[in-house]
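This is a predicted model, so every value here is computed, not measured.
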Amino acid sequence: MSQEAAEQLAQQTTEETGTAETATAAGKPEEAEAVEALEAVEGAAAARADVEAEPTEAADETEAAHPAEPSGSSPSPGWFGWRRRYPRTAHGVTVGTTVLAGALLLFALLVPNQLERLNPEAFFRLPAEGILLAGLLLALPPRSRRLMAVVSGALLGLLTVLKFVDMGFYQVLARPFDLVLDWILLDDAAEFVRESFGRTGQVLAVVGVIALIVAVLVLMTLAMVRVTNLMVRNRAVATRTTLVLGTAWITCMTLSIQITGVPLATKGNADLVNNRVEQVQAGLKDGRVFQKQAAVDAFAKTPPDQLLTGLRGKDVLFTFIESYGRVAIDDPAMAPQIDAALKEGTSNLKAAGFQSRSAWLRSPVTGAGSWLAHSTFLSGLWIKNQQRYRSLTTSDRATLNSYFRKTGAWRTVGVVPGVRRAWPEGKYFALDHIYDSEHLGYQGPYFSWTPVPDQFSLEAFQRLEHGKKDREPIMAEIILASSHNPWSPIARMVDWDDLGDGSVFHQIKKEGTDPKEVWQDPERVRTEYRRAIEYSLHSLTEWVERYGTDDTVLVFLGDHQPVPTVTAGNTSKDVPVTIVARDQKVLDRIADWNWTDGLKPAENAPTWGMDKFRDRFLTAYGPRKD
């Protein structure tokens, strides 16, 4: 802008100010006088800023801030005239909104993706990403800057949503959300909410989540645009502040300065994004890796008459106890009661002529994903995600069930009370007959997620299969569900002769606890979990005492550890595994496994990956080489 133009603009400003003063003298209200005087001063300041700014940028930003108006229209008073009537309040709201926008951006940059890390110290740090972004926005020309503000705000909103999702996954699965493989689990989560809290609870939860995601994206974008405009209006101060913060970040990072053990300088968002990129790359490659692993099967060409020769004539029951993890045995708060239940079970089984051996298996999952653990155990492959599970169940990979059926010496059945809808994958597991929750004859109530109490499921198995006369040997896959999250209310043992059609459990449910109240207190959750495991153990051991024979071979194990609310920071994925038999020859076959006597595995008992069990079991009970 030329010197002559500047002088004309200054003169015009003086005339406008004089006009305002004249109007005030003529009797205008004092409030209007203050507003118009303030507008005049702001106009003069804007003019001076235009003189100092680069011609192109000044014109561009002036055009953006004050778009062309129709001829003859008056300037908008803002907020439907509210700003003109209450200027001081409007100014306060403007300042407050800007402060909130800055706080929102700072929250998004510093919030961790795990609830246990969500503490005050997490927000007293210098985020490298925020400093770099501020410098970039200040350096860009106006049009590029506006676009960058919108895009970066939206991306920061998406990153914040991802962190929230991670929090949920860490609370349930003790791991972050997988951007490639975990989308199917969101549908499972919605189904779990419906089964636990009803259709209304599911709808409210889904609507709430969608509304939260939209709100985060919109608010984060608006906040970024607002803070960017503030920095541009105060370019000199913003530039100096960015330089100071950048220098401070480099210094703190170099000297490893910490506050209460938390580094003052952080690049957590960059690390998070980098980890997700690597995760996506690994997820995309995982299918090819798994395909190669699935093609290797040491027993694929073994003749049927050479399979499982050490178990011919026996009823072999593979039984999974939901969420029966190592924490139930090792945690001091639960160990006394669980230890008592295991000792009682060992003693009672011994009195009935049964011996047992126990050890540990390492599950591919924790917190949830039971079907991944079941398929790992049965297939001998590490099924750690839904993609692998789908690949497995559409392949011809043989499972333990398949090999039992292949011999022609066993009828294979499945007792799966947790299944309430079509289960097409059931065909893959080579089961001659499947008993789901609708085919066990149960007329009692659901216990939260659990459709059928364990004691009734086992009694139904006895009535429908095991107790039949003149039958062939059975290989059964039994999945006990009473110890499934949320562990409230819990069934309790009743006299086996009084089970009937399950109606007896209506009163038991009424006497039980309310899951909404239980989950307000982590210690109550842990207590209910422990009681659920006790119930499952009692159901299973009493069934063996009551109905077991010389030909009964029971293999029971946990599928995974419970959620972090119960494990309380324990990152182990170990679960107990036990073999029970009355025939000593069955246990002699695994003497070299060095498992612990009894139902409770010793702390230093062998620990195998769950995928190793299938081949070792087939080897132990195959033809003897001596």
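Residues Asp178 and Arg276 are not paired through a salt bridge, judged by the lack of any N-O separation under 4.0 Å between the basic side chain and the carboxylate. A salt bridge is absent between Lys384 and Asp611: the closest approach of a Lys/Arg side-chain nitrogen to an acidic carboxylate oxygen does not fall below 4.0 angstrom. Electrostatic pairing of Arg531 and Glu528 counts as a salt bridge here, judged by a charged N lying under 4.0 Å from a carboxylate O.
Residues Ala373 and Val365 share a closest heavy-atom pair of CB-CG2, 4.3 Å. Summarising the geometry of Ala154 relative to Leu217, their closest heavy-atom pair is O-CD2, 3.8 Å, with the distance given to 0.1 Å. Looking at every heavy atom in both residues, Ala359 comes nearest to Ala605 through CA-CB, 4.1 Å. Between Thr228 and Ala149, the closest heavy-atom pair is OG1-CB, 3.6 Å. Contact between Ala122 and Leu110 at its shortest, heavy atoms only, is O-CB, 3.7 Å. Across His484 and Thr450, no two heavy atoms sit closer than the pair CB-OG1, 4.3 Å.
When side chains are defined from C-beta on, Trp249 does not count as touching Leu245, because their heavy atoms never get closer than 4.5 Å. Looking at heavy atoms from C-beta onward, Thr607 lies out of side-chain contact with Leu361 at the 4.5 angstrom threshold. Counting heavy atoms from C-beta on, the side chains of Met224 and Val150 never come closer than 4.5 Å. The closest side-chain heavy-atom distance from Ile490 to Phe447 is not below 4.5 Å. Inter-residue side-chain proximity for Phe320 and Leu480 is flagged as unmet; no heavy-atom pair is nearer than 4.5 Å. Under the 4.5 Å side-chain criterion, counting only non-hydrogen atoms from C-beta, Leu156 is not in contact with Ser152. Using a 4.5 Å heavy-atom threshold, the side chains of Leu372 and Gln386 count as touching. Taking 4.5 Å as the limit, every side-chain heavy atom of Arg614 sits out of range of all side-chain heavy atoms of Thr376.
Ring orientation note: the planes of Tyr403 and Phe299 are nearly perpendicular, at an angle over 60° on the 30°/60° scale. Aromatic ring orientation, Tyr529 versus Trp487: perpendicular (interplanar angle above 60°, classes split at 30° and 60°).
Here the straight-line distance linking atom OH of Tyr324 with atom CD1 of Ile329 works out to 4.0 Å at 0.5 Å rounding. To the nearest 0.5 Å, atom CD1 of residue Ile250 and atom CG of residue Leu255 are 11.5 Å apart. Atom CD1 of Ile321 and atom CG of Leu537 lie 4.5 Å apart (nearest 0.5 Å). Of the inter-residue distances, the one linking Thr565 atom OG1 with Glu523 atom CD reads 10.5 Å to the nearest 0.5 angstrom. Taking CG of Leu126 as the start and CG of Leu109 as the end, the distance is 11.5 Å to the nearest 0.5 Å. To the nearest 0.5 Å, atom OH of residue Tyr389 and atom OG1 of residue Thr394 are 10.5 Å apart.
A donor-acceptor contact shorter than 3.5 Å links the side chain of Arg526 to the backbone of Val566. Of the possible donor and acceptor atoms, none in the side chain of Asp436 sits under 3.5 Å from a partner among the backbone N and O of Val416. Remark: the backbone N or O of Val327 is paired with a side-chain donor or acceptor of Gln561 at under 3.5 angstrom. A donor-acceptor pair under 3.5 Å links the side-chain atoms of Trp519 to the main chain of Pro486, judged by distance alone. Remark: side-chain polar atoms of Asn234 are paired, donor with acceptor, to backbone N or O of Leu230 under 3.5 angstrom. A donor-acceptor pair under 3.5 Å links the side-chain atoms of Ser483 to the main chain of Glu322, judged by distance alone. In this structure, the side chain of Gln279 engages the main chain of Leu179 through a donor-acceptor pair within 3.5 Å. For Arg405 (side chain) and Thr412 (main-chain N/O), no donor-acceptor pair under 3.5 Å exists by modelled atom type. Side chain of Thr399 to main chain of Ser402: a donor-acceptor pair is present (N/O by atom type, distance under 3.5 Å, no hydrogens or angles). A donor-acceptor distance shorter than 3.5 angstrom exists from the side chain of Asp454 to the backbone of Ser482, with no hydrogens or angles considered.
Heavy-atom neighbours of Arg117 CZ from other residues, nucleotides or ligands within 6.0 Å: at or below the threshold of 12. Residue-environment remark: CD (Glu116) exceeds the threshold of 12 foreign heavy atoms within 6.0 Å. The environment of CD in Glu278 is crowded: more than 12 heavy-atom neighbours from other residues, nucleotides or ligands sit within 6.0 Å.
For Lys163 and Asn269, the side-chain atoms include at least one donor-acceptor pair closer than 3.5 Å. Between the side chains of His560 and Ser370, a donor-acceptor pair is found at a separation under 3.5 Å.
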Side chain to side chain contact (heavy atoms under 4.5 Å, CB included) assessment of Glu477 paired with Asn401: CA-CA 8 Å; Glu477 178 187 347; Asn401 306 359; 3.1 Å; yes
Walk me through whether Gln171 and Gln114 qualify under side chain to side chain contact (heavy atoms under 4.5 Å, CB included). CA-CA 8 Å; Gln171 286 301 106; Gln114 298 183 47; over 6 Å; no
Test side chain to side chain contact (heavy atoms under 4.5 Å, CB included) on Asp521 and Val525; report intermediate values, then the result. CA-CA 6 Å; Asp521 181 1; Val525 174; over 6 Å; no
Begin from the C-alpha positions of Arg240 and Leu243 and carry the test side chain to side chain contact (heavy atoms under 4.5 Å, CB included) through to its verdict. CA-CA 5 Å; Arg240 288 194 297 270; Leu243 290 174; 5.7 Å; no
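In this structure, the ring of Phe556 has its center no less than 6.0 angstrom from the ring center of Phe318. Checked against the 6.0 Å centroid threshold, Trp183 and Phe177 count as a close aromatic pair.
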Donor-acceptor pairs under 3.5 Å, side chain of residues 568-577 to any protein atom, not counting sequence neighbours: which ones?
{"residue": "Asn570", "atom": "OD1", "partner": "Ser572", "partner atom": "N", "Å": "2.8"}
{"residue": "Ser572", "atom": "OG", "partner": "Asp574", "partner atom": "N", "Å": "3.1"}
{"residue": "Asp574", "atom": "OD2", "partner": "Arg326", "partner atom": "NH1", "Å": "3.0"}

